[in-house]
2 protein chains.
Amino acid sequence: MLESSLYPHVSVDCVVFGFTGERLNILLISRNGTSEDGFYSDMKLPGSVIYENEDLDDAAYRVLHELTGIKNIYLQQFHSFGSPSRTQNPRDKVWLENAIHIKIGRIVTVGYVALIKIGQKLQAFSDRYEAHWCDINDIGTLAFDHNIVVEKALHYVRLKSAEDPIGLYELLPKRFTEAESRILHEVIYGKKVDIRNFHKKFISLPYIVSLDEKQQNVAHRAARYYRFDKIIYNQIYR
Amino acid sequence: MLESSLYPHVSVDCVVFGFTGERLNILLISRNGTSEDGFYSDMKLPGSVIYENEDLDDAAYRVLHELTGIKNIYLQQFHSFGSPSRTQNPRDKVWLENAIHIKIGRIVTVGYVALIKIGQKLQAFSDRYEAHWCDINDIGTLAFDHNIVVEKALHYVRLKSAEDPIGLYELLPKRFTEAESRILHEVIYGKKVDIRNFHKKFISLPYIVSLDEKQQNVAHRAARYYRFDKIIYNQIYR
DNA sequence: ACAAAAGTGTTCCGCATACACCCATGC
DNA sequence: GCATGGGTGTATGCGGAACACTTTTGT
C-alpha cells in the first residue's frame, strides 16, 4: 500500500436532492464493512477521489454520471471540508484504505449539490451502486462528516434558489401541478406558504406555461399541469 | 526535491478586502522571479499550502495573522478552485517549486474572503511580506488563476452582504460617517444609491448609533460620526 | 351526499423609488 | 461670497401577507 499521509487527498462528495412530490430526498450509498466492533452497515454520500488531471467540477459530473446515467445535471459547488478529524473515525479510516488502496492522513472534500428528477431510469443505475433515495428528515448518522455536509448543502440550496429559482424546476417532473410546486417550496424553505398568495405569484411567472392536460383518476377535482420553460426563463434572467 | 505530483496539494488563498473611504482595495503580495523570458514582477493573493493536520479555516487564519497581525478577522470560505490548468503557466510552476520545495502536479486551492479595516498597524506587517493595497479596478493580471478567484470573491461578498450586512462594517473604521457607509455600498454593489433614501434607511437601523462627534477641519459642513453596535445587531439577527 | 383537493380576489401594510432645497464650514 | 458636501420629507407604486368560499371529481 502506498504511503502518502503527508499529502492531503482531494475528493468530491455530491449531495443529490430529489423530490417525491411530498418530501425532499437525497441519494445515499450503502456501505458495509467490519471494524473493531464487528460488522456494520451505514450510509455515505456518493463521491470519489479526484483523478490526476481532473477538474473538480469534472469529478463531480463523473460521479453523478456513473451513479445516475444522467448527463447535463444541475450541479453547483457549495463548500469544502478539510478538518483533519473528518477521517479520524477508525471505521472510516479502514474503509477508505480498502476503497482507494492508499494509506491516508486525511481527505479534503469539495461538496457539490445536484438537483435531479426522481425517475425510473435513474433507479437502474443506482441499484448497481447500492444507492437509495432517503427522506432528508430520516437519514440517521452518516459516514465521515457527511451529516454536516448535507446540512450545509441544504442551506446552500435555500439561499441559492432564493436568488435563482431555476434549480427548483430541476426537482420537479416535466409536467407538474401547482400544488407540487408549492409543496416543493414548503419543503425547501421549511415552512407553510399561503395557497392563494402562491397561486397569484405562480400564474404571474412568465416561464410557467399552462398545459391543456389535467390529472386523471384522482379522487378529487383534477389539477392542471404546467411546465417550466427554460427558454423564456433565460430570455428574462440571463 | 520530493516527487509528489501524483497527489494534489491543497492550499488556501485569501482575498482580503479593504475600503479606503472611496475605493475598494485588495491586499496583494509582490512576486519576483525569473522565467524563460527573464525577470518578471507581478502580484498574487496571499495564501499558503495547508499544514499537516491543519484545518482549512485555521490555515486561512494563519495566513492572515502572519500577514496583518490581526486576530478575529472576518473570514469566510467562498469557493474552491482545482483546475489542473491553474498551475500550468511555466512561470507559476517554477515559482511554486521554489517556494515549497516540492515538485507539484497541481494545487487545489480553497478561496477565503476577509474583510478588514485599512489601518497603520497592518501596514507594518504587510511591508515585511511585500504586501500592498491595490485598487480592485486596477489589479492587472495576477499569478495563477487569481483574477478569477478575485472575481468570484467579489461576487460572494455582494451576495453575502445582501443577506447579512455585518461584514460591511468590518470594512469601515470604528467611527464613520453616513457618506462613507453610502459610498461603501456603492462600490460593493457597483451602482449609485439615492442619498435621501439611503439616509432614511441608515438612521432607521437600530444598530447604527450616532456619536456626539463631528468631522474636524473639513472644507464644508462637518459630518456626524456613527458606530456599528455589534451587540444590538446580534440581539436582533442572531 | 360527502370527502378531498382545486381554484380564485380584495384589502392592507411596509419598503423601495423618485425627487430638490437649505445648511454649515473653510478658503 | 463661493464652493463643497451635509442634512432632510413627501408622494407613489409594487410586492408580500392575511384571509374563506365555491367548484370539481370519485366513492
key: dC15(C) phosphate, OP1 or OP2, under 4.0 Å from Lys201(B) side-chain N/O   = no

request  = Look at the side-chain N and O atoms of His199(B) and state whether any lies under 4.0 Å from the OP1 or OP2 oxygen of dT8(D).
outcome  = yes

key: Parallel, tilted or perpendicular, as decided by the 30° and 60° cut-offs, for the rings of Phe78(B) and Tyr156(B)   = tilted

remark   = Of Val218(A) and Lys214(B), the one whose nearest nucleotide on DNA chain D sits closer to the 5' end is Lys214(B)

ask   = Can a salt bridge be assigned to the pair Glu180(A) and Arg175(A) using a cut-off of 4.0 Å between side-chain N and carboxylate O?
value = no

[X] [atom1] to [N] [atom2]: how many Å, rounded?
X: His220(B); N: dT25(C); atom1: NE2; atom2: C1'; value: 8 Å
X: His185(B); N: dT17(C); atom1: NE2; atom2: P; value: 13 Å
X: Ile195(B); N: dG6(D); atom1: CD1; atom2: C1'; value: 9 Å
X: Asp194(A); N: dG15(D); atom1: CG; atom2: C1'; value: 14 Å
X: Leu205(A); N: dG16(D); atom1: CG; atom2: P; value: 10 Å
X: Arg221(B); N: dA3(D); atom1: CZ; atom2: C1'; value: 16 Å
X: Leu211(B); N: dG6(D); atom1: CG; atom2: P; value: 17 Å
X: Phe198(B); N: dC19(C); atom1: CZ; atom2: P; value: 20 Å

query = Where the side chain of Ala223(A) is concerned, which of dA6(C), dT8(C), dA24(C) is the nearest nucleotide?
reply = dA6(C)

message = Checking contacts here: which listed nucleotide (dA24(C), dG7(D), dG9(C)) is nearest the side-chain heavy atoms of Arg196(A)?
response = dG9(C)

Residue pair Tyr207(A) / Asn234(A), side-chain donor-acceptor N/O under 3.5 Å = no

inquiry  = Surrounding CD1 of Ile236(A) (heavy atoms of other residues, nucleotides or ligands, distance under 6.0 Å), is the total greater than 12?
reply    = yes

message = Closer than 3.5 angstrom, by distance alone: can the side chain of Asp145(B) be matched with the main-chain N or O of Ile148(B) as a donor-acceptor pair?
response = no

key: Any donor-acceptor N/O pair under 3.5 Å between dA18(C) base and Asn197(B) side chain   = yes

ask   = For DNA chain C, whose closest nucleotide is more 5', that of Lys200(A) or that of Arg224(A)?
value = Arg224(A)

